[in-house]
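Data block below; observations after.
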Amino acid sequence: MKRLLKAAIAGAALLMSAGAALADGELNIFNWGDYTSPEMIKKFEEKYKVKVTITDYDSNDTALAKVRAGGHGFDVVVPSANFVPIWIKEGLLLEARPDQMENFKNVDERWVNVDWDPGRRYTVPWQWGLTGIGVNKTVYSGDPNTSAIFLDPPPELQGKINVAPEMNDVMYAAIRYLGGKWCTDDKELLKKVHDKLKEAKPKWLAMDYSAYEKMAAREYSAVYYWNGAMLRARLKNAEVTFGFPKEGYPFFMDSVAILKDAKNVENAKLFMNFIMDPENAAMISNFAKYANGIKGSDKFMDKELQDAPEIHPTAEQVAAGEFMLPCAPEVNDIYTKIWTDVLK
Ligand code: N2P
């Protein structure tokens, strides 16, 4: 009897410690869909004996709303540059001090003193790119380097267009297309932006986050979308080509941050440090096909990325782009109103 009791106690203790080990060994990542290299995650899991769970989102706004609401259980999130200041201001992020981590030396100087997180006290680079135009050349043989493709679509593209469901990216292109500056609060111009979007939207087929496979499969003939995904589409179907809107387009960088209410802070820090390793950063890029901000990762990148025109714009193409930063909250509110009405 005594022995049985002892065994039961030992068994319970074993269960408890196994439970605790499991809880220690988790990391919950909340990231853009189809953006995280499974191979890189496997490598991280094996190295640190951590079980990683990934939950997808499809826009900065949806990610922010979900975390604001609380009870999410995520440790890590990957907001864009124009959203990081909002996350910080709202007290949602942990000041994890990645700038003091071992691999921080690998972050390209260009991405250290960034406006949205000076000196990188909260975030580390994940991937960066831009929002531009994808076109199927066999359907449309004109110039793809213009936002007219989705704002004043030519007849052959009407009803076959997908637009990324990212308010700021769409507002950015429409404002620039109509001759305005990003973050403008010029009422007259914004009225034109509203009307232009309202007029264009019925000519779109979808506002779908998952567009690259459908673009490759000819389900969409044109998109306003992110460059890396269009590189992925072109590698599947050579009819896909990418354009840099001459009227102006936004650059983005998505960065990894730890949530203030994360349960697995140490694992999240290990993850931050891990992705600043050039070989691991290259795994991220090889999967999602965007540039990253880590020095020395190029040599681990697939050949098809190294000379891809989608992610290596010429000087002239770069000149038409601008790094998109957050607008003042009151301007953002105006844009949200316009957007909400356009989506009706
Ligand atoms: C594409 C994800 C791009 C994220 N699947 C843009 N910030």
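Every number for a ligand or one of its atoms is a count from 1 in the order of the listing. Throughout, numbering of the chain's residues begins at 1 and tracks the sequence.
- Every atom of ligand 1 with a heavy atom of Ser80 under 4.0 Å away is listed here by number and element: 7 (N).
- Contacts between Tyr290 and ligand 1 below 4.0 angstrom, taking non-hydrogen atoms only, involve the side chain exclusively.
- With respect to the salt-bridge test (charged N to carboxylate O, under 4.0 angstrom), the residues Lys196 and Glu199 qualify.
- Looking at ligand 1, you'll find an N or O of Asp254 within less than 3.5 Å of one of its N or O atoms.
- At under 3.5 Å, a nitrogen or oxygen of Tyr209, whether backbone or side chain, sits near a nitrogen or oxygen of ligand 1.
- Ring centers of Trp116 and Tyr122: at least 6.0 Å apart, outside the cut-off.
- Neither the backbone nor the side chain of Ala229 has a heavy atom within less than 4.0 Å of ligand 1.
- For the ring pair (Phe, Tyr, Trp, His ring centres under 6.0 Å) test with Trp226, the passing option among Phe251, Tyr212, Trp32, Tyr249 is Trp32; the others fail.
- A salt bridge is defined here as a Lys NZ or Arg NE, NH1 or NH2 lying under 4.0 Å from an Asp or Glu carboxylate O, and Asp195 with Lys191 meets this definition.
- Between the Glu247 side chain and the Ser147 main chain, a donor and an acceptor come within less than 3.5 Å of each other.
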